[in-house]
Colleague: 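Sharing a structure below in structure tokens format, with a few things to ask.
If you read the sequence from its start, that first residue is 1, and numbering goes on from there. These numbers were taken from a predicted model, which means no experiment stands behind them.
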Amino acid sequence: MTTRREQTSHESSELILGAAAELFAAKGYRQTTFADVAERSGISRGSIPWHFGSKEGLLLAVLERSVDRIRAGLVEESADLAGPEEVEAGFDRLMGGADALFAQPTTKLFVTLLVEALEPGSPIHGRYVEIHNTLRDHCRRWLERLPLPPGLSAETLAVTIIGAGIGIHQQWLLAPDRVDPEQALAALRTLVAGAVLPAGE
């Protein structure tokens, strides 16, 4: 049975993680301080290292929480895609899930921290590899159910879809006045549909 103290500690941790995720996404890891997180979360500055040890520990906890949420949102379905209607419905579920995923604030966090993840010795490199593997594997499993044309593998198309989605968000963050992510994702959906759906679907 969870004690009141344990419950309070968990609630404080969640407030800190939520605030840190928002700040890391908006300002980046280096520019965010414990004081910023304390102000945003309403939790005292001294409590943050007590919960997470260090700023790096906080960053890793934020990414771990984000990975868990991505996994929870990637619901697998076991239905076979036998007829044309099932194929089209399966494609709609796949691309609808991609649209929902790329619309999450978590995506902005991943894009913002990407450069830091690529630096030599980065503590978050492994988490980024795991995140991308999770997304590609889920997309690939869905695509394997579709009647892909000869020469187009589910793995390659999964890499393309995930890469395009992340790239769209990178462009949107850099030039929000010129890039409409919803329209761009809709265009991606149309292009992929042309490749995987039978003619006339």
Side-chain angles (χ1 to χ4, degrees), residues 18 21-29 31-32 62-63 65-77 81 84-119 124-125 127-149 151-201:
E22 293 172 0
L23 288 165
F24 290 157
K27 300 175 60 174
Y29 172 65
Q31 298 302 316
T32 299
V62 166
L63 290 177
R65 177 175 178 256
S66 299
V67 170
D68 289 343
R69 291 189 169 187
I70 286 176
R71 286 175 175 157
L74 298 179
V75 179
E76 294 286 353
E77 298 183 33
L81 304 178
E85 292 184 359
E86 288 81 3
V87 169
E88 188 169 2
F91 173 77
D92 286 342
R93 285 194 294 270
L94 170 65
M95 297 306 295
D99 290 348
L101 176 65
F102 291 131
Q104 292 181 11
T106 301
T107 304
K108 183 177 180 181
L109 171 67
F110 294 153
V111 171
T112 303
L113 297 178
L114 177 60
V115 173
E116 295 180 53
L118 293 174
E119 292 181 352
I124 62 175
H125 176 79
R127 288 292 187 275
Y128 263 71
V129 171
E130 183 180 359
I131 290 164
H132 282 249
N133 286 341
T134 297
L135 294 174
R136 280 196 305 270
D137 289 347
H138 176 77
C139 189
R140 173 184 51 77
R141 286 193 293 270
W142 261 110
L143 290 168
E144 286 172 345
R145 303 171 185 177
L146 300 174
L148 300 181
L152 181 60
S153 72
E155 177 69 23
T156 299
L157 188 52
V159 170
T160 302
I161 292 172
I162 299 302
I166 293 174
I168 287 168
H169 274 77
Q170 287 177 332
Q171 294 180 71
W172 172 60
L173 289 173
L174 289 169
D177 57 327
R178 294 193 57 190
V179 177
D180 184 326
E182 292 186 3
Q183 289 186 3
L185 288 171
L188 174 62
R189 182 190 184 101
T190 300
L191 291 172
V192 176
V196 305
L197 293 182
E201 290 301 325

Colleague: So, for T156 and S153, which heavy atoms are closest and what is the spacing to 0.1 Å?
Modeller: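 Closest approach of T156 to S153: OG1-OG, 2.8 Å.
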Colleague: Got a second to check how far E144's CD is from E155's CD, nearest 0.5 Å?
Modeller: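 With rounding to 0.5 Å, CD (E144) is 8.5 Å from CD (E155).
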Colleague: From L185 CG over to T190 OG1, what is the distance, rounded to the nearest 0.5 angstrom?
Modeller: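 If we round to the nearest 0.5 Å, L185:CG and T190:OG1 are 11.0 Å apart.
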Colleague: List the atom of L157, the atom of L152, and the distance in Å for their closest heavy-atom pair.
Modeller: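 In terms of heavy atoms, the two residues are closest at CD2-CD2, 4.1 Å.
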Colleague: Hey, could you give me the OG1/CZ distance between T160 and R136, rounded to the nearest 0.5 Å?
Modeller: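 The OG1 atom of T160 sits 11.0 Å away from the CZ atom of R136.
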Colleague: Measuring from L188:CG to I161:CD1, what's the distance to the nearest 0.5 Å?
Modeller: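 With rounding to 0.5 Å, CG (L188) is 6.5 Å from CD1 (I161).
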Colleague: Would you say H138 and T134 make side-chain contact, with heavy atoms under 4.5 Å?
Modeller: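 No. Closest side-chain heavy atoms not under 4.5 Å.
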Colleague: State, to 0.1 Å, how close P181 and I168 come at their nearest heavy-atom pair, and which atoms those are.
Modeller: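 Between these two residues, the closest heavy atoms are CA-CG2, 4.0 Å.
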Colleague: Is any side-chain heavy atom of Q170 closer than 4.5 Å to one of L114?
Modeller: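 When only atoms from C-beta onward are counted, Q170 and L114 do touch, with a gap below 4.5 Å.
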Colleague: Report the C-alpha separation of Y128 and L63 in whole Å, then their side-chain angles, then the decisive distance to 0.1 Å, and conclude whether the side chain to side chain contact (heavy atoms under 4.5 Å, CB included) test is met.
Modeller: CA-CA 8 Å; Y128 263 71; L63 290 177; 4.2 Å; yes
Colleague: Count the heavy atoms of every other residue, nucleotide or ligand shown that sit under 6.0 Å from CD of Q31, and state whether that count exceeds 12.
Modeller: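 Not buried by this count: 12 neighbours or fewer within 6.0 Å.
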Colleague: Within this structure, what is the CD1-CZ distance for the pair I131 and R127, rounded to the nearest 0.5 Å?
Modeller: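 One gets 8.5 Å once the value is rounded to the nearest 0.5 Å.
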Colleague: Check whether NZ of the Lys or CZ of the Arg R140 lies under 6.0 Å from the centre of the six-membered ring of W142 and within 45 degrees of that ring's axis.
Modeller: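 Output no; distance or angle outside limits.
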Colleague: Starting at CG of D180, measure out to CD of Q171 and round the result to the nearest 0.5 Å.
Modeller: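 The CD atom of Q171 is 12.0 Å from CG of D180, to the nearest 0.5 Å.
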Colleague: If every non-hydrogen atom of W172 is compared with every non-hydrogen atom of V179, which pair is closest and at what distance?
Modeller: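 That would be CD1-O, 3.3 Å.
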